[in-house]
Amino acid sequence: MARVFNFSAGPSMLPLPVLQKAQAELCEYGSSGQSVLEMSHRSSWFEEIIANTEASMRRVLNVPDNYKIGFFQGGASAQFAAVPLNLMGTGQADYIVTGQFSGKAAKEAAKYGKVNIIASTKEQNFTCIPDVDALTFTPGASYVHICQNNTIYGTRYAKLPNTGDVPLVADMSSCILSEPVDVSKYGLIYFGVQKNVAPAGMAVVIVREDLLGHARPDTPAMLDYATIIGANSMYNTPPCFCIYMTGLVLNWLENDVGGLAAMQRRNEEKAALLYDYLDGSHFFHSPAQKEFRSMMNVTFTSPTPELDKAFCAEAAKNGLVNLKGHRSVGGMRASIYNAMSKEGVQALVEFMKAFEAQHA
Ligand SMILES: *Cc1c(COP(=O)(O)O)cnc(C)c1O
């Protein structure tokens with residue numbers, strides 16, 4: 001087996017022990033005589049899987065009792081609509097735009113009510129996050145929406161905005177489970193699982209109980225939080241295998257890694273390896289402003305687009321794949337999610353040093 005170091009932004013690497021466990025159980029789960037891929041979602045086997053996955057999520061993320069967890073299809077993008085449909089009771093909400101996904105979320109929400117863009121870093125090419133202490137929230141806004149880690153631009157909030165009594169809603173697709181989170185600071189957290197949790201096909205919503213039950217009457221049942229969560233995410237056939245894989249990854253985080261504080265230490269160490277090298281390099285440049293740098297998605301450029309292209313091609317030949325930046329920004333991006341090992345980041349830095357020496 002020759003596994004590459006996969007720096008894809010998503011779908012992305014999964015921990016090898018998790019893949020091996022899934023492989024070992026693929027044809028027969030437990031003594032069920034069948035695969036998780038085949039079994040009825042109403043079977044006692046699957047009921048146990050989904051209950052365990054939710055319980056693990058609660059433990060690992062330390063989710064308070066007054067928060068509910070739901071598993072949704074349609075990815076994080078479906079949540080761009082679900083959030084306003086369920087939460088925009090006053091007919092308006094505040095959005096902070098720090099990249100492509102928060103822009104899309106705001107655009108989608110504007111179909112259902114008034115969206116106030118209270119800050120944007122578009123003019124800075126999304127290389128930073130607005131000063132959260134200088135924000136003016138709109139009186140009467142139902143919630144404030146942020147994208148906590150900007151997957152494409154490689155930035156993240158160093159500090160959360162203090163929204164007072166107004167619920168803070170965060171898209172955490174590309175940073176969830178990378179470090180401990182104080183869930184009580186948020187009204188709602190959502191994330192697509194294909195970045196740092198599981199294979200593609202699901203989004204998870206963690207929502208404060210009192211925010212449920214206020215959806216617009218025309219909200220599709222599949223996007224209605226009270227409907228889906230009220231049915232324990234079994235309103236219809238859920239993404240069964242994805243839920244199972246999420247459970248395996250959470251077990252890995254808990255038992256192999258030792259929880260989110262330990263995961264954070266690993267991730268900080270990996271990110272420092274790459275950023276320290278970038279800071280000392282006269283060849284590569286890291287566009288994200290230092291204080292807002294993402295721990296998960298590291299963006300960088302070489303002196304020319306031609307060299308960027310050569311870099312990605314050469315890197316792939318050396319088993320370092322998917323380093324091309326997002327098609328909208330170019331350059332390079334190394335996504336170093338939980339499953340990327342320190343060895344993978346070290347191999348990347350060694351390759352960058354050699355490339356720099358050859359082309360500088
Ligand atoms: C990838 C991503 C999305 C889109 O996720 P889908 O599951 O493809 O809809 C949204 N927000 C962020 C922050 C992302 O990284």
Side-chain angles (χ1 to χ4, degrees), residues 6-14 70-85 95-109 111 115 120-122 126-130 143-158 160-161 168-179 181 186 188-206 220 222-223 228 233 238-239 241-243 245-246 249 267 271 288 292-299 322 324-329 333-340:
N6 178 6
F7 294 91
S8 170
S12 38
M13 277 184 89
L14 287 163
F71 302 122
F72 291 78
Q73 297 189 34
S77 298
Q79 295 306 316
F80 296 166
V83 166
L85 284 165
Y95 277 72
I96 301 174
V97 176
T98 53
Q100 211 174 91
F101 291 117
S102 49
K104 280 185 172 173
K107 200 171 162 213
E108 188 75 353
K111 293 177 182 170
V115 164
S120 165
T121 50
K122 189 166 194 288
F126 298 126
T127 54
C128 58
I129 299 294
Y143 59 87
V144 179
H145 180 283
I146 63 167
C147 177
Q148 193 150 327
N149 182 76
N150 298 284
T151 325
I152 295 173
Y153 296 92
T155 62
R156 67 152 170 191
Y157 281 74
L160 290 180
L168 178 65
V169 174
D171 176 354
M172 294 183 66
S173 296
S174 50
C175 59
I176 195 71
L177 299 176
S178 63
E179 60 187 342
V181 190
Y186 303 82
L188 187 147
I189 290 169
Y190 66 90
F191 51 95
V193 293
Q194 75 275 26
K195 309 285 164 70
N196 207 16
V197 191
M202 182 167 87
V204 178
V205 173
I206 303 174
M222 287 295 291
L223 295 181
I228 300 296
S233 303
F241 199 73
C242 220
I243 290 167
M245 289 294 289
T246 299
V249 169
N267 285 331
F292 304 114
R293 282 171 167 175
S294 168
M295 184 166 65
M296 295 280 98
N297 311 100
V298 180
T299 51
N322 288 322
K324 196 165 173 282
H326 189 269
R327 59 189 188 280
S328 64
V329 294
R333 169 177 52 178
S335 295
I336 50 173
Y337 298 121
N338 289 352
M340 174 59 68

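We count residues from 1, following the sequence as given. In each ligand, atom 1 is the first atom listed, and ligand 1 is the first ligand listed.
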Taking atom 5 (O) of ligand 1 as the reference point, the nearest protein heavy atom with its distance: Ala76 CB, 3.5 Å
Taking 4.0 angstrom as the limit and counting only heavy atoms of Gln194, give me the atoms of ligand 1 inside it, by number and element. 5 (O), 6 (P), 7 (O), 8 (O)
Among the heavy atoms of Phe191, does any lie under 4.0 Å from an atom of ligand 1? no
Rounded to the nearest 0.5 angstrom, the CE-CG distance for Met245 and Leu14 is 5.0 Å
Numbering the atoms of ligand 1 from 1, which are under 4.0 Å from a heavy atom of Thr151? 12 (C), 13 (C), 14 (C), 15 (O)
Distance to 0.1 Å, residue and atom name: give those for the protein heavy atom nearest to atom 4 (C) of ligand 1. Phe101 CE2, 3.6 Å
Near Phe80, which atoms of ligand 1 are under 4.0 Å from a heavy atom of that residue? 10 (C)
Quick one: does ligand 1 sit under 4.0 Å from the side chain of Met172, the backbone, both or neither, non-hydrogen atoms only? neither
Roughly how far, to the nearest 0.5 Å, is the CD1 atom of Ile146 from the OH atom of Tyr186? 6.0 Å
Find the distance between CD1 (Ile243) and OG (Ser233) and round it off to the nearest 0.5 Å. 6.5 Å
min-distance protein heavy atom vs atom 9 (O) of ligand 1 -> Ser77 OG, 2.6 Å
Which atom names give the shortest non-hydrogen contact between Met222 and Phe72, and what distance separates them? O-CD2, 3.7 Å
Looking only at distances, can you tell me whether any N or O atom of Asp171, backbone or side chain, sits closer than 3.5 Å to an N or O atom of ligand 1? yes
Can you name the closest pair of heavy atoms from Ile96 and Ser102 and give their distance? O-CB, 3.5 Å
Sole candidate of Asn297, Asp171, Thr98 that passes side-chain hydrogen bond (donor to acceptor under 3.5 Å, both in side chains) when paired with Asn149: Asn297
Main chain of Tyr153, side chain of Arg333: is a donor-acceptor contact present, judged purely on distance under 3.5 Å? no
Note: Lys195, heavy atoms under 4.0 Å from ligand 1, region reported as side chain
Below 3.5 Å, N or O to N or O, backbone or side chain included: is there any such pair between Cys147 and ligand 1? no
Tyr190 vs Phe80 aromatic rings, parallel, tilted or perpendicular, using cut-offs 30° and 60°? perpendicular
